[in-house]
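Quantities reported herein were computed from a predicted structural model and do not represent experimental measurements. Throughout, a chain's letter reflects where its sequence line sits, starting with A, and its residues are numbered from 1.
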Protein chains: 2
Amino acid sequence: MQQVSDSSQSPGYDPAPTSSRALIVDRIRSAGTLSRVELTQLTGLKAPSVTAVVRRLIDDGLVAETGRGTSTSIGGKPRTLLQIRAAARYVVGVHLSEDHLTYVLVDYAGGVVARWRRDGPGDESDPEQVVERVANETRELIARSGVDQALVLGLGFVCPGPLIRNRGVTSAPPSMTRWVGFPIRSRLEELLGMPALLENDATAAAAGTRLTTSHDVSVMAALFMSEGIGSGLRLNGNVYQGAHGNAGEVGHICVQIGGPRCWCGGTGCLEALAGPAAVVEKARAAGLDLGSHRHSGVAAFAAIARLALSGDSRAEAIIRDSAAWIAIGAQTIANMYDVQLLVLTGPAFAVAGTIYLPILQERILSSVFGRSVGTEVVLDERGHDAAAIGAALMMLKSEHAISA
Amino acid sequence: MQQVSDSSQSPGYDPAPTSSRALIVDRIRSAGTLSRVELTQLTGLKAPSVTAVVRRLIDDGLVAETGRGTSTSIGGKPRTLLQIRAAARYVVGVHLSEDHLTYVLVDYAGGVVARWRRDGPGDESDPEQVVERVANETRELIARSGVDQALVLGLGFVCPGPLIRNRGVTSAPPSMTRWVGFPIRSRLEELLGMPALLENDATAAAAGTRLTTSHDVSVMAALFMSEGIGSGLRLNGNVYQGAHGNAGEVGHICVQIGGPRCWCGGTGCLEALAGPAAVVEKARAAGLDLGSHRHSGVAAFAAIARLALSGDSRAEAIIRDSAAWIAIGAQTIANMYDVQLLVLTGPAFAVAGTIYLPILQERILSSVFGRSVGTEVVLDERGHDAAAIGAALMMLKSEHAISA
DNA sequence: CCACTATATTCACAGATCTAACTAACCGGA
DNA sequence: TCCGGTTAGTTAGATCTGTGAATATAGTGG
């Protein structure tokens, strides 16, 4: 093997698969089923190399032949279809947010095998306790799903807030002030005895978005809204993380000079003006009935979204106002990243995305830089779980996942 | 050789050097002089590989041994220093802006051998004429500098405005409306009989910025101001171009809802509020004496900057107002890209950078996401030529440049 | 002059991937 | 039914790249 660069000195983006083995696994995984010929086209490798690599993958039990492809056109040998052996390995993804702890168990093919949603620890809990709870619940998830623990490759853990790459949280959003400096990753590895990976929620969501569009999108971004607002950039299936793992902090770009103060210390931040917390605050001020939601978290935001969707005009006005601001963030993403596709994801868009989507689309279309190149804006149908799934998928793509 | 991927289907970023040969050339070039031991550390290759590759480079005349390094510490054989043979090859970089045509001849070591600045063609000229002029003047530059034409590897050409990757301009800024759809790159290749490369000015500037800081900066961005405002992201020496080659269009992010209309069709664009043209317009409105500058181009902006620097308080106020807006753009870059370093470059910053720099620094520092990770903001001392130099360097890093 | 140290090279080998030639499987018409 | 046409995949041999172990090279300090 060659230059196994330590992730701590990685150049700010999750590098493209280096070995042919990883490359081929990746391509089969994202295509679902694929023949060897198609692999030669997709990878640029020649047929004999594909044959050799695939044989080893089959020997190792990671890939299986699964019938014949359609006889194309005039004649000739039909293609032998290859598929990832889903049951070969598993990974766990965990998304910690203010309201919830979301667990997913993902198989080697990238499919979600089990999903578990629990009430979040809130902001008053001790990080050590939360981490222990995550470890216990992870074990429980694996046990209950009947998967052999030995086949679980690792755990991807995502949370909001600026991170020190793979270490822990630096300065933190309101819901995570107690986490600053806590060594999340190493504690999880110790407790679970398996590799762990720590990532920003929005970045992971970009990795977790399934591209339903068959167009080959190599440059896409996710706009993620949970308690905060963030974004992630994905290049050919690999997420861009930035120098310190905090790229895509679109929630803290300034969209109004002299605007309201944000918890981050800035003023006029997008998140402070239009994030879920701001929406909830406005709704409270307007006297809307939000039920019994203590927090200003996503649960309260969801209540407002439901009101808006059921015809409450005051709620709708508040959400639409938020959308107008967030559209500026979307435009910024399109201009800065020059993506082919922008996906709206995360719990907040999962409940209110249908209101936001057209407003964001309209704004993207009305900018030359968007219009001339045709940036598409779509809603992720798995918004609730995208971050957790993305965490799992990132672990699935790490070096741990391609060994025999 | 393997997967020689066509640049048109490249994944949106200039990929890292694939062959060891290119990697080693690149490392020696950016370090200036380097020993083989250092190369093993920097590249991850083992000593024998470095020896072998370096020997071939020496045989091919691209690299030369240049004396001994300092005897480190206790004893031992001193390092043999390696250096790029500057005279081995050359490349030309051309920057087309509204006011000027800037040519640079760059040697194989990345040094600027010749520099030529000519009055720009203005906005009324026919693209075909301009391209022919560029071809002629390129030949003239090479001839006058006494460099063997056969050693010139190619030409990098940069201009403002959204591009179709390596083809031509799509929708265009005011000064380039006639260029839309013109096949810049292929015409240059035909006229000159050498490979050409077309790039956005800001993106090229990111490639052209020399890192004086010895800290190893792997993720940096350039904020570029000429007639417009743009930015470029550089990852480990490779520029990020986006899906269509238009990443970093920070000039067209919206920083004021309902703000003034921009030529791009949007409203409240940073460029419309605070770009050189806006500054010139404000200065005209304020009755400042700008001399005989017809255009609203960089020349007129430079006149205002000189007034401001010489103590004219009205001019200074106008520039400082521009800086306050552009600081928002800088903050956006820091948040979206998560860079270690932001360099201010381009003709406009070359004349007015000392006014802008402290204002931008202050704003970056006042955001948590900037402060906690320490994004540095500096001024490029070669701002005038950064785009042209970057164009040349990008050509120098292309596949054409590493063959024997 | 002799340890000692750091730098660089040689040599034999392992692995990946290439080209070229071959086998496998299926179509359709004589 | 058999045979050329066509596409898919394999085998065999060559090449290239990088590796580990041992060795050569060129200084320092006693």
Side-chain angles (χ1 to χ4, degrees), chain A residues 1-5 16-25 27-28 31 33-60 63-83 402-404, chain B residues 1-5 16-25 27-28 31 33-60 63-83 402-404:
Chain A
M1 201 90 325
Q2 67 228 44
Q3 59 257 59
V4 180
S5 58
T18 157
S19 67
S20 301
R21 186 179 171 93
L23 185 65
I24 284 181
V25 167
R27 289 297 180 278
I28 301 178
T33 116
L34 221 50
S35 71
R36 290 176 179 78
V37 207
E38 291 166 305
L39 278 172
T40 63
Q41 295 155 6
L42 286 170
T43 61
L45 299 172
K46 299 299 175 192
S49 309
V50 171
T51 293
V53 174
V54 167
R55 171 155 46 229
R56 289 210 50 194
L57 289 170
I58 291 175
D59 288 349
D60 294 341
V63 163
E65 297 192 338
T66 170
R68 296 267 131 112
T70 60
S71 298
T72 36
S73 63
I74 248 138
K77 176 175 174 176
R79 309 177 166 192
T80 314
L81 296 181
L82 302 169
Q83 207 171 18
I402 53 163
S403 58
Chain B
M1 202 88 326
Q2 69 229 42
Q3 59 255 59
V4 179
S5 58
T18 158
S19 67
S20 301
R21 186 180 170 92
L23 184 66
I24 285 181
V25 168
R27 289 298 179 277
I28 301 178
T33 118
L34 221 50
S35 72
R36 291 174 177 79
V37 208
E38 291 165 306
L39 278 172
T40 63
Q41 294 155 6
L42 287 170
T43 61
L45 300 171
K46 300 299 175 193
S49 307
V50 171
T51 293
V53 173
V54 167
R55 172 158 39 234
R56 289 211 49 194
L57 289 170
I58 291 175
D59 288 349
D60 293 341
V63 164
E65 297 192 337
T66 170
R68 297 266 129 114
T70 59
S71 299
T72 36
S73 63
I74 236 132
K77 176 175 175 175
R79 311 178 165 192
T80 315
L81 296 181
L82 302 168
Q83 206 172 19
I402 53 163
S403 58

Colleague: Does A:Ser49 make a side-chain N or O approach to OP1 or OP2 of C:dC18 shorter than 4.0 Å?
Modeller: yes
Colleague: Between C:dT17 and A:Ser20, is there an OP1 or OP2 to side-chain N/O distance shorter than 4.0 Å?
Modeller: yes
Colleague: With 3.5 Å as the limit, what N/O pairs link the protein to nucleotides 8-11 of chain C?
Modeller:
from   : atom 1 : to      : atom 2 : distance (Å)
C:dA8  : OP1    : B:Thr80 : N      : 2.4
C:dA8  : OP1    : B:Thr80 : O      : 3.4
C:dA8  : OP1    : B:Thr80 : OG1    : 3.2
C:dA8  : OP2    : B:Val37 : N      : 3.0
C:dT9  : OP2    : B:Arg36 : NE     : 2.9
C:dT9  : OP2    : B:Thr51 : OG1    : 2.9
C:dT10 : OP2    : B:Arg55 : NH1    : 3.2
C:dT10 : OP2    : B:Arg55 : NH2    : 3.0

Colleague: State which residues pass side chain to side chain donor-acceptor pair (under 3.5 Å) with A:Glu65; sequence neighbours excluded, sorted by chain then number.
Modeller: A:Arg36
Colleague: Restricting to non-hydrogen atoms, name the atom on B:Ile28 and the atom on B:Leu82 that form the minimum distance, rounded to 0.1 Å.
Modeller: CG2-O, 3.9 Å
Colleague: With respect to the phosphate group of C:dA16, does any side-chain polar atom (N or O) of A:Arg21 fall under 4.0 Å of OP1 or OP2?
Modeller: no
Colleague: At what distance, to the nearest 0.5 angstrom, does CZ of B:Arg56 lie from CZ of B:Arg21?
Modeller: 5.5 Å
Colleague: Tell me, please, which residues at least two apart from A:Leu81 pass side chain to side chain contact (heavy atoms under 4.5 Å, CB included).
Modeller: A:Thr33, A:Ser35, A:Thr66
Colleague: Considering residues at least two apart in sequence or located in another chain, which fulfil the side chain to side chain donor-acceptor pair (under 3.5 Å) criterion with B:Thr51?
Modeller: none
Colleague: Search all heavy atoms of A:Thr40 against all heavy atoms of A:Ala47 and return the closest pair with its distance.
Modeller: CG2-CA, 3.6 Å
Colleague: Compute the bend angle of the helix from C:dC1-D:dG30 to C:dA30-D:dT1 from the end axes (five pairs per end), rounded to 10°.
Modeller: 10°
Colleague: Taking atom P of D:dC16 as reference, at what distance in whole Å does atom NZ of A:Lys46 sit?
Modeller: 16 Å
Colleague: Between A:Ile24 (CD1) and D:dG9 (P), how many Å, whole number?
Modeller: 12 Å
Colleague: Apply side chain to side chain contact (heavy atoms under 4.5 Å, CB included) to B:Ser49 and list each qualifying residue two or more places apart in sequence or on a separate chain.
Modeller: B:Leu45
Colleague: Can you check the B:Gln41 CD to C:dA6 C1' distance for me, whole Å?
Modeller: 12 Å
Colleague: Excluding sequence neighbours, so at least two apart, what forms side chain to side chain contact (heavy atoms under 4.5 Å, CB included) with B:Leu42?
Modeller: B:Arg27, B:Leu34
